[in-house]
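Data block below; observations after.
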Amino acid sequence: MDIWLHAAPPASEAEIAAWEHKHGVSLPDTYKALLRIHNGGLLAKNHFPVAEPTSYGLTDAEIYTFAGLDELQIRIPEAQDVDLPGVQVYFHQDGHRYIGLDYQTAEPCVIYVDFETLQTLIVAEDFDRFVASLYFSPFAVNMVYEYPLEKLDQMLAMANVAKTLEILQLLEDREEKDWYLTHLDHLLHSEEAPYQQIGITLLENQIYYFRRKLDPKRVTAMLSWLESQHFWPEKVAELRKEWED
């Protein structure tokens, strides 16, 4: 299935069966088929239609990931605020908004629940129909500073060189420096020179303007790796000198 973008290694049949036995529910066949490919991860599609307005908008809602077995949620503290009988298994969370399987019927339907507004919607009669309804539509870049990390991960995974640079420049002063450096590290390890080059440019900005917020061991390791690759040696030497001064 081509729904996965970047994802974890596959789940085994034994792992899936053990999860179902432990929790006393059977996951939809299509969800299990997806888990056999990747045990959770980022999706290549990011929206689905809704029948009434939600906090995402008038006609659709957002999704960034499908949960792996260890990330599926059955008991969540917010559930006491919404009277939902039976069992629910949530496979996506964005803050107070959840998407999950509702086992009130023989074939679980897919529901959207907003535990802040106390809104509950059936968004598909079953998981197959839900997957079929997913589609891609780009997110607005000018709002990236307000986005959750999973949404940003999805955007960056699908971005070209120019868009990647634009997004990460807008996020250069974001507090989650470990997350930011992880994305820079991915750029530096790219096999494509343009991505490596913008990775070095963005690392330069971090060293010059945010060095007190950076993990010293991590930055040192990144510089050492760049030196070993002999990519843009003059710039890397300049960054090493600035970092050690």
Side-chain angles (χ1 to χ4, degrees), residues 1-51 54 56 59-76 78-79 82 84-95 97-115 120-139 147-159 182 186:
M1 298 182 184
D2 61 359
I3 195 170
W4 293 118
L5 191 56
H6 286 315
S12 68
E13 291 286 356
E15 289 171 329
I16 295 171
W19 187 94
E20 290 181 320
H21 177 75
K22 177 181 178 180
H23 297 286
V25 295
S26 293
L27 295 171
D29 289 343
T30 298
Y31 203 100
K32 289 189 282 190
L34 288 167
L35 291 173
R36 294 185 195 103
I37 301 171
H38 294 292
N39 189 17
L42 293 173
L43 301 176
K45 301 179 180 181
N46 57 7
H47 289 87
F48 58 93
V50 290
T54 70
Y56 286 112
T59 60
D60 54 32
E62 299 176 5
I63 187 168
Y64 323 124
T65 62
F66 278 160
L69 291 171
D70 291 340
E71 300 162 325
L72 291 169
Q73 300 184 69
I74 295 180
R75 298 172 184 85
I76 57 175
E78 297 93 335
V82 177
L84 286 174
V87 175
Q88 289 77 42
V89 177
Y90 296 100
F91 55 79
H92 182 269
Q93 178 186 0
D94 176 18
R97 298 172 288 206
Y98 290 75
I99 307 165
L101 301 161
D102 187 358
Y103 284 81
Q104 294 185 59
T105 55
E107 179 70 21
C109 62
V110 177
I111 58 173
Y112 164 89
V113 185
D114 187 326
F115 287 103
T120 302
L121 293 175
I122 295 177
V123 295
E125 294 180 11
D126 55 48
F127 187 71
D128 283 4
R129 288 182 174 87
F130 178 70
V131 172
S133 75
L134 298 176
Y135 65 94
F136 173 78
S137 180
F139 296 123
Y147 292 164
L149 296 183
E150 284 186 338
K151 183 172 181 176
L152 295 172
D153 288 337
Q154 189 185 57
M155 292 178 70
L156 288 165
M158 305 187 77
T182 294
H186 288 162

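Quick note: residue numbers are just sequence positions, from 1.
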Drop me the distance from [X]'s [atom1] to [Y]'s [atom2], to the nearest 0.5 angstrom.
{"X": "Leu34", "Y": "Phe91", "atom1": "CG", "atom2": "CZ", "result": "10.0 Å"}
{"X": "Glu15", "Y": "Arg36", "atom1": "CD", "atom2": "CZ", "result": "12.0 Å"}
{"X": "Ser26", "Y": "Lys32", "atom1": "OG", "atom2": "NZ", "result": "5.5 Å"}
{"X": "Ile63", "Y": "Leu134", "atom1": "CD1", "atom2": "CG", "result": "6.0 Å"}
{"X": "Gln104", "Y": "Ile122", "atom1": "CD", "atom2": "CD1", "result": "8.0 Å"}
{"X": "Leu72", "Y": "Leu35", "atom1": "CG", "atom2": "CG", "result": "7.0 Å"}

What is the minimum heavy-atom distance between [X] and [Y], and which atoms define it?
{"X": "Pro148", "Y": "Asp94", "value": "CG-OD1, 3.5 Å"}
{"X": "Asp60", "Y": "Thr54", "value": "O-OG1, 3.9 Å"}
{"X": "Ile16", "Y": "Ala11", "value": "CG1-CB, 4.1 Å"}
{"X": "Tyr56", "Y": "Ala61", "value": "CD1-CB, 3.5 Å"}
{"X": "Ala157", "Y": "Leu42", "value": "CB-CD1, 4.3 Å"}
{"X": "Pro28", "Y": "Pro108", "value": "CG-CG, 4.2 Å"}

State, with a plain yes or no, whether a side-chain heavy atom of [X] is found less than 4.5 Å away from one of [Y].
{"X": "Val110", "Y": "Phe48", "result": "no"}
{"X": "Asn39", "Y": "Asp70", "result": "no"}
{"X": "Leu101", "Y": "Val25", "result": "no"}

Counting distance only, does the side-chain N/O of [X] pair as donor-acceptor with the main-chain N or O of [Y] below 3.5 Å?
{"X": "Thr105", "Y": "Glu107", "value": "yes"}
{"X": "Tyr135", "Y": "Pro49", "value": "no"}
{"X": "Asn46", "Y": "Ser137", "value": "yes"}
{"X": "Gln154", "Y": "Thr65", "value": "no"}

Report task. Using the side chain to side chain contact (heavy atoms under 4.5 Å, CB included) rule, take Tyr98 and Ile111 through it: C-alpha gap first, then chi angles, then the decisive distance, then the call. Result -> CA-CA 8 Å; Tyr98 290 75; Ile111 58 173; over 6 Å; no

Which of parallel (below 30°), tilted (30 to 60°) and perpendicular (above 60°) describes [X] and [Y]?
{"X": "Tyr31", "Y": "Phe127", "value": "tilted"}
{"X": "His47", "Y": "Phe139", "value": "tilted"}
{"X": "Phe130", "Y": "Phe66", "value": "tilted"}

**Report entry** Between Gln88 and Asp102, a side-chain donor and acceptor under 3.5 Å
**Finding:**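 A donor-acceptor contact under 3.5 Å links the two side chains.
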
Report task. Check whether the side chains of Tyr64 and Asp153 place a donor and an acceptor atom closer than 3.5 Å, and report yes or no. Result ->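 Side chains of Tyr64 and Asp153: no pair found under 3.5 Å.
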
Report task. Decide yes or no on side chain to side chain contact (heavy atoms under 4.5 Å, CB included) for Val131 and Asp128, but give the supporting numbers first. Result -> CA-CA 5 Å; Val131 172; Asp128 283 4; 5.8 Å; no

Report task. Go through the steps for Ile37 and Ile3 under the test side chain to side chain contact (heavy atoms under 4.5 Å, CB included), then give the verdict. Result -> CA-CA 10 Å; Ile37 301 171; Ile3 195 170; over 6 Å; no

Query raised in the report: Only one of His92, Lys151, Arg97 forms a side-chain hydrogen bond (donor to acceptor under 3.5 Å, both in side chains) with Glu62, so which one is it?
Result: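 So, applying the side-chain hydrogen bond (donor to acceptor under 3.5 Å, both in side chains) to Glu62 and each of His92, Lys151, Arg97, only Lys151 qualifies.
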
**Report entry** Within 6.0 Å of CD in Glu20, more than 12 heavy atoms from elsewhere
**Finding:**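 Buried by this count: over 12 neighbours within 6.0 Å.
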
